[in-house]
Protein chains: 2
Amino acid sequence: MNTSSDAERPKIGRREANRRATEEAILNAAETVFAEAGFGGATMQLIADLAGLPKANLHYYFASKEELYRRVVERIFQIWLEAAQAMDDAPGPAEGIGAYIDAKMEISRRYPNGSKVWASEVMHGAPVIQDYLETTLRDWTAGRAAVIQGWIDAGKMAPTDPQHLLYMLWAATQHYADFGHQIEVLNGGPLSDADWRAARESVKQIILRGIGVAI
Amino acid sequence: MNTSSDAERPKIGRREANRRATEEAILNAAETVFAEAGFGGATMQLIADLAGLPKANLHYYFASKEELYRRVVERIFQIWLEAAQAMDDAPGPAEGIGAYIDAKMEISRRYPNGSKVWASEVMHGAPVIQDYLETTLRDWTAGRAAVIQGWIDAGKMAPTDPQHLLYMLWAATQHYADFGHQIEVLNGGPLSDADWRAARESVKQIILRGIGVAI
DNA sequence: CTGCAACCTGACCATATGGTCAGAAATGGA
DNA sequence: TCCATTTCTGACCATATGGTCAGGTTGCAG
């Protein structure tokens, strides 16, 4: 054994570990503040306070407010894309779309702030992730639409415009994050485990039956 | 007859007419700017420029940025509520929910900025319309949920959680306004009349079939 | 026509904010 | 231990923004 039980992984010294932890803390704080106040309403001071750092320190790790924001949005997009794989390698729409809804509902529950930042970014014309929309997202969407069309051609689901089906999947699932506040007010409080389960099953039931898949 | 063919309606002089027109122009400009930049990113100067007025004039009509914003949000909420009546007086879900989807899709198409401002407001915790959520919206939602439950009990549609069905209706329709930019990118340009028709029919098809209503 | 009240606006102000920087403190290899 | 490098931070700055106000202009009742 070596000196002690310090490094979980070789190569990462205290410096590097600290750096990553601080960056992570800043990104988390930024995600919260951007979600709650929007880009314009967010303040480097607010983010710094939430992260427990002096404001000047933020600028040591992130050159500008824009760059910090960009990093937040990119991180969300990654999570979003990884979850999208839930739809891959499925034999048919029942499994593929069902799993996709499960994954996206889970993201809405676990990362509501990320979803809000993404929504805000798109609503304001996608100033920083326009290229993602035009490349990565466009390609992914086209691929998924083709898969869905394949299922339709194989008679595994009712004829449905794949593009609009995808929009409905995004809309229905992300709504629970983006409009979470409204939902909590109407629900009379935060959603319980049972509430989330009911939400997930409702979405799956309506959409799967809506595309002619037995449930 | 009176002096000439001036007043369409009695009682409204040039003063009053001017006032209303100016207020309207400011509200329209504000809606656009708030939608594109968010509350924090919006600038009284930007709104003034878009309305073609000096900034100081805005403060003659609206005491503060907050009040102007509040007026914009309230106006949207009115349109939203009026369209909600499309669901009333329907004999069953096919007509009621079908008409509601039609109405909401039309709003998404005609007033995308209003929808965005509303979404932004809710996402940021509804700082100015919290009371609307707790009173008007809550009551309306409860009423509609009861109607839907009645349809279910009458065997006119499949058993479905009314609350989550409403969320899906809001999500699916408003998505075309709030995420209009993303949709346009994926669509390779603005949606045509045919595109909008396809969107509307897709939403209706999936949801109506999803709740067990023949189409 | 006249006076008052409503309407309009350029110039100005206090504040908040993103960002900078010089220098202090911590770190780690030699 | 020593010192170069990285990390951290209080103090500061330029700018943008919401809001104010004094004074001018316009509409309209009497």
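The chains referred to below are lettered A, B, ... by the order of the sequence lines, with proteins before strands, and numbering in each begins at 1.
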Mind checking whether [X] and [Y] have side chains closer than 4.5 Å, heavy atoms only?
| X | Y | result |
| --- | --- | --- |
| Ser202(B) | Met168(A) | no |
| Val73(B) | Tyr132(B) | no |
| Asp193(B) | Trp196(B) | no |
| Leu27(B) | Phe62(B) | yes |

Output the rounded distance in Å from [atom1] ([X]) to [atom2] ([N]).
| X | N | atom1 | atom2 | answer |
| --- | --- | --- | --- | --- |
| Asn57(A) | dG18(C) | CG | P | 16 Å |
| Glu16(A) | dT7(D) | CD | P | 8 Å |
| Phe62(B) | dT20(D) | CZ | P | 16 Å |
| Glu23(A) | dT6(D) | CD | C1' | 14 Å |
| Asn18(A) | dG28(C) | CG | C1' | 13 Å |
| Ile26(A) | dT7(D) | CD1 | P | 12 Å |
| His59(B) | dG18(D) | NE2 | P | 7 Å |
| Met44(A) | dA14(D) | CE | P | 20 Å |

Verify the contact: side-chain N or O of [X] to OP1 or OP2 of [N], cut-off strictly under 4.0 Å; return yes or no.
| X | N | result |
| --- | --- | --- |
| Tyr61(B) | dC7(C) | no |
| Tyr60(A) | dT7(D) | yes |
| Arg19(A) | dT6(D) | no |

Tell me whether Arg110(A) at atom CZ has more than 12 heavy atoms from other residues, nucleotides or ligands lying less than 6.0 Å away.
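Not more than 12 within 6.0 Å, no.
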Classify the angle between the aromatic ring planes of Tyr176(B) and His164(A) as parallel (below 30°), tilted (30 to 60°) or perpendicular (above 60°).
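The arrangement is tilted - the two ring planes meet at 30° to 60°.
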Ring geometry between Trp140(B) and Trp80(B) (parallel below 30°, tilted from 30 to 60°, perpendicular above 60°)
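Answer is perpendicular, since the angle exceeds 60°.
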Regarding Glu66(A), tell me which of base, sugar-phosphate or nothing describes its non-hydrogen contacts under 4.0 Å with the strands shown.
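Here Glu66(A) touches the backbone only, sparing every base.
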Hey, can you pull the residues of residues 47-56 of chain A with a non-hydrogen atom under 4.0 angstrom from DNA chain D?
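By residue number: Pro54(A), Ala56(A).
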